Amino acid sequence: MRSLTLAPSLLAADFARLGEEVAECEEAGASWFHFDVMDGHYVPNLSIGIPVLKSLRAVTRSFLDVHLMIDNPEIFLEPFADAGADLITIHQEVSTHLHRDLHEIRRLGKKAGVAINPATSASTISEVLPFVDLVLIMTVNPGFGGQAFIHAATRKATRVRAMADDLGLADLHIEVDGGVGPETAPVAARAGADVLVAGSSVFRGPGSIGQNYQAIWRALEAGA
Ligand code: DX5
Ligand code: ZN
């Protein structure tokens with residue numbers, strides 16, 4: 001069976017305690033973090049960016065998965081690579097030259113991801129699958145944490161997994177992002193996702209951060 005990754009989304013963390021909260025997740029077993037960048041144009045919200053990523057890189061060896069929800073992502077690939085991203089994901093909907101931008105991410109020595117919104121068909125990324133390490137399937141509309149999981153979007157995880165299998169891309173990661181918690185994480189994993197991003201359910205769940213992380217992990221192990 002494919003191994004699963006549960007990636008806390010730092011958007012829901014307490015930014016005044018970012019290093020401590022990352023350490024709490026790591027003690028609970030996390031080694032992959034999702035870092036949401038918003039520009040107030042592509043999505044109607046602002047979040048964190050290059051200086052925060054740089055500070056974070058200095059305090060953790062975990063895998064840093066940077067999700068760019070910004071217009072003109074090509075302008076910022078190198079600064080995010082230099083700031084310590086391990087993987088950079090850009091949206092299919094906003095990249096004018098997707099093939100070029102994905103190659104640029106790899107040229108910078110980073111893993112490359114492509115994201116699609118709930119209304120975007122999986123077929124729109126078929127031509128770039130050989131050039132990415134990860135496909136991010138949004139299970140909410142991007143811009144905010146704490147939204148409800150869009151179940152219909154999980155069909156695309158199955159679709160992308162089948163497309164990847166046809167191309168012999170056994171190592172392709174399929175990530176789902178938005179509304180992931182103990183009930184929905186197993187649904188997404190069964191559909192074909194192997195990286196589950198969880199913000200509110202980890203940082204704002206009923207227990208401590210560690211307890212919340214482990215509750216989702218147990219649900220995943222039981223139901224995937
Ligand atoms: C939404 C972001 C998500 C967000 C998920 O635009 O891309 O990564 O942090 O938050 P939750 O898990 O609270 O839905
Ligand atoms: Zn995200």
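Every number for a ligand or one of its atoms is a count from 1 in the order of the listing. What you are looking at is a predicted structure, and each value in this text was computed from that prediction instead of being measured.
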Between [X] and [Y] (salt bridge meaning N to carboxylate O under 4.0 Å), is one present in this structure?
X: Arg107; Y: Glu104; value: yes
X: Asp194; Y: Arg161; value: yes
X: Asp86; Y: Arg61; value: no

Quiz prompt | Check: Glu26/Thr60 side-chain N/O donor and acceptor closer than 3.5 Å | solution = yes

Exercise. With atom 14 (O) of ligand 1 as the reference point, say which of Ala13, Gly179, Gly145 has the nearest heavy atom.
Key: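 Among Ala13, Gly179, Gly145, the closest heavy atom to atom 14 (O) of ligand 1 belongs to Gly179.
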
Quiz prompt | Rounded distance (nearest 0.5 Å) linking atom OH of Tyr42 with atom CG of Asn72 | solution =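 If I round to the nearest 0.5 Å, the distance is 12.5 Å.
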
Quiz prompt | Protein heavy atom at shortest distance from atom 12 (O) of ligand 1 | solution =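 In this structure, atom 12 (O) of ligand 1 has Gly199 N, 2.8 Å as its nearest protein heavy atom.
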
Quiz prompt | Shortest protein contact, atom 4 (C) of ligand 1 (heavy atom only) | solution =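 So the nearest neighbour among protein heavy atoms is Asp36 OD2, 3.6 Å.
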
Self-check item: Under-2.8 Å protein N/O/S neighbours of the Zn ion (ligand 2), ordered by chain then residue number
Solution: His34 NE2, Asp36 OD1, His67 ND1, Asp177 OD2

Exercise. Give the contacting part of Ser9 toward ligand 1: side chain, backbone, both or neither, where contact means a heavy-atom distance below 4.0 Å.
Key: side chain

Quiz item: Taking N or O atoms only and a 3.5 Å limit, does Ser201 qualify as a polar contact for ligand 1?
Solution: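 By distance alone, the answer is no.
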
Exercise. For Lys110 and Ala85, indicate whether the former's side chain and the latter's backbone hold a donor-acceptor pair under 3.5 Å.
Key: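 Judged by distance alone, yes, a pair lies under 3.5 Å.
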
